[in-house]
There are 2 protein chains.
Amino acid sequence: MPSLAKGRNERPPNGDETAAGTPSERAPNTEIRLGALEHYIAFHLRLAQNASFKAFKRESGDPELRPGWFAVMSLIESNPGITPMMVSRASGRDKSTLTPILRDLSHHDLIERLPVPGDKRSYALALTTTGREKLRELAAHAAIHDRKLDQIAGSKKAELLALLRRISTLLN
Amino acid sequence: MPSLAKGRNERPPNGDETAAGTPSERAPNTEIRLGALEHYIAFHLRLAQNASFKAFKRESGDPELRPGWFAVMSLIESNPGITPMMVSRASGRDKSTLTPILRDLSHHDLIERLPVPGDKRSYALALTTTGREKLRELAAHAAIHDRKLDQIAGSKKAELLALLRRISTLLN
DNA sequence: TATTGTTATACTCTATAACTATA
DNA sequence: TATAGTTATAGAGTATAACAATA
């Protein structure tokens, strides 16, 4: 059976000893060792995405700035006439997850559904004028958030983006 | 009102014209333009994390290899005597999300809860012998997954990890 | 008063499977 | 038969708020 003392002794000795004491007396999480997790990309990917998501939500009290809405509207703006299936593939999500988003966007008159000539099963998506205005608003908010990420990435931004792109592309 | 034809025309002319036709005749998602999203770190972070998560689940049919369990058990292994609050902070999640995980791990006799001398509100976590064995299994599976990520990151792995760490650290 | 851990509750994101209407 | 989109349903993962015990 491992004792607490054993656990403590496994740490390499360092200056933190002065702050040591009962667990509740320790500094927030400075001393916690990640162990095997330390070198796991998947783990750090989750931490980073989670932190980004929380910051995104926190910074814009705007409940309408949902990551989902913003991404879908951007895709439609850049690809007028895009179909739900194409949006699904571009955003790496199942088609069924798009139905409610597109319904909401449609109800808010932000997008319109146009017939696809030659395929009655599908429809083509386009932003309405209102939708374009709304997207400008959302983009302004999102930019504030991503600017922080830009600062954090600094000169490595292009490299980070390339790596993330490779991960999502090759892992399918 | 924007027409579909207008939308198509907005694309810069390129060799893809040969593959163009009705949307359903197009290649999977090659032609979809990300537009503003192209340079958003947050967006690519979500794509990458999602792809990683799906691959993780797909590759190990093992329903017990939940990212949550693995991370928590690893943290306990590397920090015997760690408290739930410390795990919460180290994994960037609210303390309330840990309760059910710790309960499950406890029910499976993978961890034990020991008293913390000097603080009756909390308890110290440690892996049981069974827990250590189980963690070895899970780690073997997880390693297979992360090896793929390692390959994808290649020589940039250290840099990627450093960037992800910076993101989760500075965004709080 | 503040903190730890638990509980109750709810929200978001996502997926699967079955369905329809086309193709 | 296969595909596009919808529906119903479920499962992770996470959060907030209120609570009891303790600090």
Side-chain angles (χ1 to χ4, degrees), chain A residues 21-26 28 42-43 45-47 49-58 63-72 82-89 91-104 106 111 113-125 172, chain B residues 21-26 28-29 42-43 45-47 49-58 63-72 82-89 91-104 106 113-125 172:
Chain A
T22 64
S24 52
E25 287 168 1
R26 288 176 188 163
F43 176 71
L45 215 39
R46 188 174 68 75
L47 284 192
Q49 206 276 330
N50 195 223
S52 163
F53 187 78
K54 280 195 291 190
F56 195 73
K57 220 176 56 176
R58 180 178 56 226
E64 288 196 327
L65 180 48
R66 275 178 277 188
W69 279 33
F70 179 63
V72 169
I82 193 175
T83 65
M85 272 306 295
M86 293 163 79
V87 174
S88 156
R89 281 189 281 256
S91 54
R93 293 182 300 189
D94 191 84
K95 57 195 163 104
S96 70
T97 67
L98 256 49
T99 305
I101 295 179
L102 295 175
R103 179 174 25 74
D104 289 347
S106 207
I111 63 170
R113 299 152 133 139
L114 304 167
V116 171
D119 194 339
K120 287 179 184 166
R121 295 171 305 179
S122 189
Y123 53 79
L125 296 162
N172 285 325
Chain B
T22 64
S24 53
E25 287 168 1
R26 288 178 188 161
N29 68 2
F43 176 71
L45 216 39
R46 190 174 66 76
L47 284 191
Q49 206 275 329
N50 195 222
S52 163
F53 187 78
K54 280 195 291 189
F56 195 74
K57 222 176 57 175
R58 181 177 57 226
E64 288 195 326
L65 179 47
R66 275 179 278 189
W69 279 33
F70 179 63
V72 169
I82 194 174
T83 65
M85 272 306 296
M86 293 163 80
V87 173
S88 157
R89 281 189 281 256
S91 54
R93 294 182 299 190
D94 191 85
K95 58 195 162 99
S96 69
T97 68
L98 255 49
T99 304
I101 295 179
L102 295 176
R103 179 173 27 72
D104 290 348
S106 206
R113 299 153 133 136
L114 304 168
V116 170
D119 193 341
K120 286 180 185 168
R121 295 171 305 178
S122 189
Y123 53 80
L125 296 162
N172 284 325

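Just so we're on the same page: letters track the sequence lines, and every chain starts at 1.
- Atom CD1 of I101(A) and atom P of dC13(C) are 7 Å apart (whole Å).
- In this view, T99(B) satisfies the side chain to side chain contact (heavy atoms under 4.5 Å, CB included) rule with no residue, not counting sequence neighbours.
- In this structure, CG of D104(A) is placed 11 Å from P of dC13(C), rounded to the nearest angstrom.
- For T97(A), the side-chain atoms get nearest to dT14(C) when compared with the rest of dT14(C), dT4(C), dT6(D).
- Listed nucleotides: dG5(D), dA12(D), dG5(C). Nearest to the side chain of M85(B): dG5(C).
- Closest to the side chain of R93(A), out of dT16(D), dA15(C), dG5(D), is dA15(C).
- When the nucleotides dT6(D), dA23(D), dA15(D) are ranked by their closest atom to the side chain of K120(B), dA23(D) comes out on top.
- The separation between I82(A) atom CD1 and dA4(D) atom P is 13 Å, rounded to whole Å.
- Counting to the nearest Å, the P atom of dA12(D) and the CH2 atom of W69(B) are 11 Å from each other.
- Distances from the side chain of T99(A) to the nucleotides dT6(D), dA15(C), dT6(C) place dT6(D) closest.
- The side chain of P84(A) has dG5(D) as its nearest neighbour among dC13(C), dT6(C), dG5(D).
- Remark: I82(B) CD1 to R89(B) CZ distance equals 9.5 Å, nearest 0.5 Å.
- Which of dT14(C), dA23(C), dT16(D) sits closest to the side chain of N50(B) comes down to dT14(C).
- In this entry the distance linking CZ of F53(A) with P of dC11(C) reads 14 Å, nearest Å.
- You'll find the side chain of T83(A) stays beyond 4.5 Å of the side chain of K95(A), heavy atoms only.
- Under the 4.5 Å side-chain criterion, counting only non-hydrogen atoms from C-beta, L45(A) is not in contact with Q49(A).
- When the nucleotides dT6(C), dT22(D), dG5(D) are ranked by their closest atom to the side chain of K95(B), dT6(C) comes out on top.
- Two residues are said to be in side-chain contact when any heavy atoms from C-beta on lie closer than 4.5 Å; M85(B) and S122(B) fail this criterion.
- Each of R103(A) and K54(A) was assigned the nucleotide of DNA chain D with the nearest heavy atom; the assignment lying further toward the 5' end belongs to R103(A).
- Distance, L47(B) CG to dT14(C) P: 9 Å, rounded to whole Å.
- Listed nucleotides dT14(C), dT6(D), dA15(D) differ in distance to R46(B); the shortest reach to its side chain belongs to dT14(C).
- Atom-to-atom, CG of L102(A) to P of dT7(D) comes out at 12 Å; the value is rounded to the nearest Å.
- An OP1 or OP2 oxygen of dA21(D) is reached within less than 4.0 angstrom by no side-chain nitrogen or oxygen of Y123(B).
- Of the candidates dA17(C), dA23(C), dT4(C), the closest approach to any side-chain atom of R121(B) belongs to dT4(C).
- Within 4.0 Å of S122(B), counting heavy atoms only, lie sugar-phosphate atoms of the nucleic acid but no base atom.
- If you measure from atom NZ of K57(B) to atom P of dT14(C), you get 12 Å, rounded to the nearest angstrom.
- Taking D104(B) as the reference, nothing meets the side-chain hydrogen bond (donor to acceptor under 3.5 Å, both in side chains) condition, with sequence neighbours excluded.
- A residue-by-residue look at D94(B) and S96(A) shows that D94(B) has its nearest nucleotide of DNA chain C further toward the 5' end.
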